[in-house]
Amino acid sequence: MRKLVGYGRVYRVVPMLVFWLGLAVFFPACSPSGENRTTQGETPWRAPESANHRLNPFQDESALEAGKAVYQVYCWSCHGETGMGDGAAGGAMDSRPADFHTKSFLNQTDGAIFWKISTGRNIMPSFEEVLSEQERWQVTAYIRKLGEGMAETLAASPVRLRDDLQINHYMKVAPRAVRIFYEPKTDAIWYATFEGEVFRILRSQKPLKAERILSVSDHGISRLQGATIQGNTLFLAGNNRVNDNKGTTGWVMRVSLDSDGKHSVTKVFSTVEYGTTSTPFDHGWSAVRVSPDGRHLFVVSGSRTDHGEVQDNKGAYPNSRNEPLTAAIFRFPIDTKDLLLENDLDWLRSRGFLYAEGIRNAYDFDFDKEGNMFAVVNSGDYDQSEDMFWVREGHHYGFPWVMGGLETPQQFPDWHPDPEKDPFLNTSAAAWPQDFYNDPDFPKRPDQVVFSPGMRNFGPDAVKYRDRKTGEIMDAAATGSSITSFTAHSSPLGLNFDRDGLLGDPYTGSALTLRYTKGTKSSLMQPFTTNGEDLLLLRVRYDPALDNFTLNSWRIAEGFNQPVDAVLVGKELYVIEYGGRQRGGNIWTVSFP
C-alpha cells in the first residue's frame with residue numbers, strides 16, 4: 001500500500017501500473033505536431049540537425065497498424081482522422097494543427113517528426129514519457145503514410161443497439177458542421193458550419209439537396225457555434241477575434257428570411273473585448289435557443305479556462321482567468337437589438353441578462369414539456385465526471401470550484417499536482433503540466449452561494465467513474481450507486497426531449513443525448529471505457545427529496561463519427577457529424593417506433 005495525497009486529504013491505494021490513455025472534452029484536447037507553423041511572435045519549429053540523421057527502425061505493416069492505434073488515441077482530435085489538420089479541437093486554438101499532406105510536412109525527415117512528437121511545444125505536449133520509443137517511431141511511420149495518402153481511417157456506418165430502431169444515411173454535409181435544427185413551416189432541416197455557412201434541406205425535395213442560404217459575409221460571425229430558427233428568423237451565435245487574434249468578442253445575429261429568398265440582418269448583441277487563449281479550453285459563445293413561450297433568447301457562453309487557471313494568452317491579458325462573460329447561460333428579450341454587453345457581473349445581473357452561472361461549457365441545452373431547462377456540460381482535463389444540470393434562474397452550478405460533483409483540487413493552497421499521488425491527473429492531457437499547478441491565488445468561492453448539484457445518473461450505461469479513495473475505475477451500475485452525471489471526458493451534446501410524446505414505448509417522453517468522444521480515440525476517456533460516439537436514451541425524473549432531477553441512461557446506438565448535434569423531428573432523430581475541414585460528415589436518421 002502507498003499513500004495518495006489529494007487536495008488536502010490523504011488516501012490509501014493499492015499500487016498498480018497505470019498506462020495513461022485518452023484525450024478530449026468538446027472540443028477535445030489537442031496535440032498539434034509536425035510542420036513549421038508559427039504563432040504570433042514565435043520562430044519556426046525546426047528539429048535539431050542531429051535529429052535529421054536518425055532513421056526509423058519500424059516501418060513494416062505491423063508498425064503501421066500499431067502507429068494507427070496510437071494515432072487514433074492521441075492525435076486525431078486535432079490533426080483529423082485523415083491527417084489534414086482538421087480535427088475539431090484545432091478550431092479552438094490560434095494556430096492550426098499540422099496538415100500531414102502538405103509539402104512542408106512531408107519534406108521533413110522521420111527523425112525530425114520523431115523528435116517533435118517526443119519534445120512537444122506550446123499546446124502540443126511531449127510524448128516522451130507517455131509513449132515508448134517504439135510507439136513514437138510507429139506513429140511517425142503512420143502519419144507519414146497518412147500524409148502520402150496511403151492510409152485510411154474512415155469510420156463505418158453507425159449501428160443500432162436495439163431491434164426496434166432503424167438507422168439510415170440521410171445525406172453528406174459540408175465540412176466542420178456544428179449545428180442542426182428544424183423549421184416546421186417549410187418542413188426543412190437546417191445546418192450550420194464552424195466557418196459560418198448555413199444550409200437548408202427541404203425534406204419534401206427529391207433528390208435531397210442542401211442549399212446554402214448564408215455565408216460569413218452575410219452575418220459577420222467568423223467562428224460560428226450556435227444556430228436556431230424561430231418562424232422565419234434565424235439566430236446565430238459565435239465569436240470574432242480582435243487585437244491581432246489575442247482577444248475576442250461574442251456575437252449573436254438575427255437574420256430575417258423573406259419568402260422570395262432575401263434576408264435582412266440585425267445584431268442582437270455583441271460583447272466588449274476580452275482575452276481569448278491559445279488553448280483548446282477557450283469555448284466561446286455557442287448554443288442558442290428560443291424559450292418555449294417565444295419571449296426570450298437563451299445563449300451559452302463557455303469557459304475560457306480548463307478549471308479556473310490563469311490563461312493570459314502569452315501575457316496579452318495579464319492574470320486573466322474566467323470572465324463575467326464566460327461559463328454561464330444568458331437570457332435576452334427576443335426583440336433585443338444592438339446591445340453591447342459589458343464584462344461586469346453586477347452590470348449583467350442588474351439587467352437580468354445573467355440567467356445561470358458556474359456552467360463550464362453547456363454546448364447544448366433543451367426544454368422538457370413543462371418548460372424546464374436542462375443542459376449537458378463538459379468538464380475539464382481532470383477526471384471529473386460530465387454534468388447534466390436542471391438549469392434554474394439565479395442558480396450557480398459550481399464552476400470552477402466543482403465539476404461532476406468533485407472539487408477542483410487547484411483551489412486548495414496545499415495541493416501540489418503529482419500524477420503519482422493523484423490518479424485524477426492524466427499526463428497526456430492538454431492541461432498537463434502547464435495548467436495544473438500550486439495556485440494560492442485561485443479565486444475564492446463566492447460568499448453565501450450554495451452550488452446547485454448536477455443530476456445523479458443511476459445508469460446502467462455511461463456511469464464509469466474514478467473512485468475518490470482508491471483511484472480505481474468503477475461502474476456505478478455494478479456497485480449500486482450513481483454518478484454526476486456521465487463518464488468523464490465523453491463530451492455529451494445534442495440534447496433533445498420528446499416534448500410531444502410522439503416516440504413509442506419505451507421511449508415516450510424520454511430525452512436523448514449524444515457522446516462526442518469515444519474511448520478508443522481518447523487518452524483521457526480510455527481508462528474509463530472504450531465506448532462513446534454513441535446515442536444515449538435518458539429517463540429523467542424529479543425527486544422532491546433532492547429538489548432535483550435524477551436520470552437513467554442506456555446506450556441505444558453507436559458507431560457515429562464525431563457526432564456534434566442532433567434534432568428530433570417527429571419520430572426521427574437527425575444526427576449530424578462534424579466531418580473535418582475538407583472531407584465533410586454525414587446526417588444520419590435514427591427512427592423510433
Side-chain angles (χ1 to χ4, degrees), residues 25-27 29-30 32 37-42 78 88-97 122-123 176 178 194-196 216-217 219-226 236-253 267-288 299-330 332 338-348 353-354 357 359-361 363 380 399-400 430-431 434-435 441 443:
V25 293
F26 190 81
F27 286 128
C30 192
R37 298 189 181 275
T38 62
T39 53
Q40 295 281 339
E42 289 185 342
C78 275
M93 300 182 298
D94 64 356
S95 59
R96 177 177 160 184
N122 293 337
I123 188 60
R176 304 188 85 189
V178 289
F194 193 81
E195 275 82 12
V216 66
S217 61
H219 53 75
I221 300 176
S222 60
R223 183 188 178 194
L224 183 67
Q225 292 197 90
L236 308 175
N239 286 72
N240 286 313
R241 293 288 183 104
V242 295
N243 189 20
D244 294 327
N245 287 327
K246 299 183 184 74
T248 191
T249 56
W251 285 43
V252 170
M253 301 297 289
K267 182 183 292 185
V268 178
F269 70 80
S270 60
T271 74
V272 298
E273 174 188 336
Y274 58 96
T276 187
T277 76
S278 57
T279 73
F281 315 134
D282 194 4
H283 295 95
W285 292 76
S286 57
V288 55
V299 191
V300 168
S301 179
S303 70
R304 63 182 301 279
T305 72
D306 181 72
H307 53 271
E309 74 283 358
V310 171
Q311 291 289 357
D312 60 6
N313 203 343
K314 304 172 186 176
Y317 297 88
N319 302 314
S320 292
R321 297 180 185 257
N322 288 298
E323 301 289 343
L325 287 170
T326 65
I329 296 179
F330 294 83
F332 306 92
D338 293 328
L339 176 67
L340 180 65
L341 291 185
E342 297 292 335
N343 194 22
D344 181 278
L345 273 178
D346 291 336
W347 189 92
L348 294 166
F353 300 140
L354 190 57
E357 302 176 56
I359 300 177
R360 183 180 183 270
N361 183 33
Y363 199 76
F399 179 79
Q434 182 174 342
D435 298 313
D441 296 323

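When reading the values below, keep in mind they use all heavy atoms of this one structure, side chains included, and skip hydrogens, waters and symmetry mates.
One distance of note links OG1 of Thr271 with CD of Glu342; it measures 9.5 Å at 0.5 Å rounding. Distance check: Thr279 OG1 to Arg304 CZ gives 8.0 Å after rounding to the nearest 0.5 Å. Once rounded to the nearest 0.5 Å, the distance linking CG of Asn240 with OG1 of Thr276 reads 11.5 Å. Note that CH2 of Trp285 is 13.0 Å distant from CZ of Arg223, once rounded to the nearest 0.5 Å. Of the inter-residue distances, the one linking Phe281 atom CZ with Asp306 atom CG reads 4.5 Å to the nearest 0.5 angstrom. With rounding to the nearest 0.5 angstrom, the CZ atom of Phe353 is 11.5 Å from the CG atom of Leu325.
Side-chain N or O atoms of His307 include one that pairs as donor or acceptor with a backbone N or O of Asp435 at under 3.5 Å. Here the side chain of Asp312 pairs a donor or acceptor atom with the backbone of Lys314 at under 3.5 angstrom. Judged purely by atom type and a 3.5 angstrom limit, Asn313 has no side-chain atom pairing as donor or acceptor with the backbone of Ala316.
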Start with the C-alpha gap between Asn361 and Phe399, add the side-chain angles, then the distance that decides, and say whether side-chain contact (heavy atoms from CB on, under 4.5 Å) holds. CA-CA 10 Å; Asn361 183 33; Phe399 179 79; over 6 Å; no
Start with the C-alpha distance between Asn239 and Trp251, add both sets of side-chain angles, then the distance that settles side-chain contact (heavy atoms from CB on, under 4.5 Å), and finish with yes or no. CA-CA 6 Å; Asn239 286 72; Trp251 285 43; over 6 Å; no
Would Asn243 and Tyr317 count as a side-chain contact (heavy atoms from CB on, under 4.5 Å) if you check the C-alpha gap in whole Å, the side-chain angles of each, and the deciding distance to 0.1 Å? CA-CA 11 Å; Asn243 189 20; Tyr317 297 88; 3.0 Å; yes
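Taking both residues in full, the closest heavy atoms of Pro324 and Leu348 are given as O-CD1, 3.7 Å, listed atom of the first, atom of the second, then distance. The two atoms that bring Leu224 and Ala237 nearest to each other are CD1-O, 3.2 Å, heavy atoms only. Across all non-hydrogen atoms, the minimal contact from Thr326 to Ser301 is CA-OG, 3.5 Å.
Atom CD of Gln434 is surrounded by 12 or fewer heavy atoms from other residues, nucleotides or ligands within 6.0 Å. Other residues, nucleotides and ligands contribute at most 12 non-hydrogen atoms within 6.0 Å of the CG atom of Asn319.
Counting heavy atoms from C-beta on, the side chains of Tyr274 and Thr248 come closer than 4.5 Å. Side-chain contact between His283 and Gln225 is absent, with no heavy-atom pair separated by less than 4.5 Å.
If you check the side chains of Asn322 and Thr305, you find a donor sitting under 3.5 Å from an acceptor.
The side chain to side chain contact (heavy atoms under 4.5 Å, CB included) with Ser270 is formed by just one residue from the set Leu341, Ile221, Leu340, Thr249; it is Leu340. Remark: of the listed residues Ser303, Pro443, Pro400, Pro443 is the sole one forming a side chain to side chain contact (heavy atoms under 4.5 Å, CB included) with Arg321.
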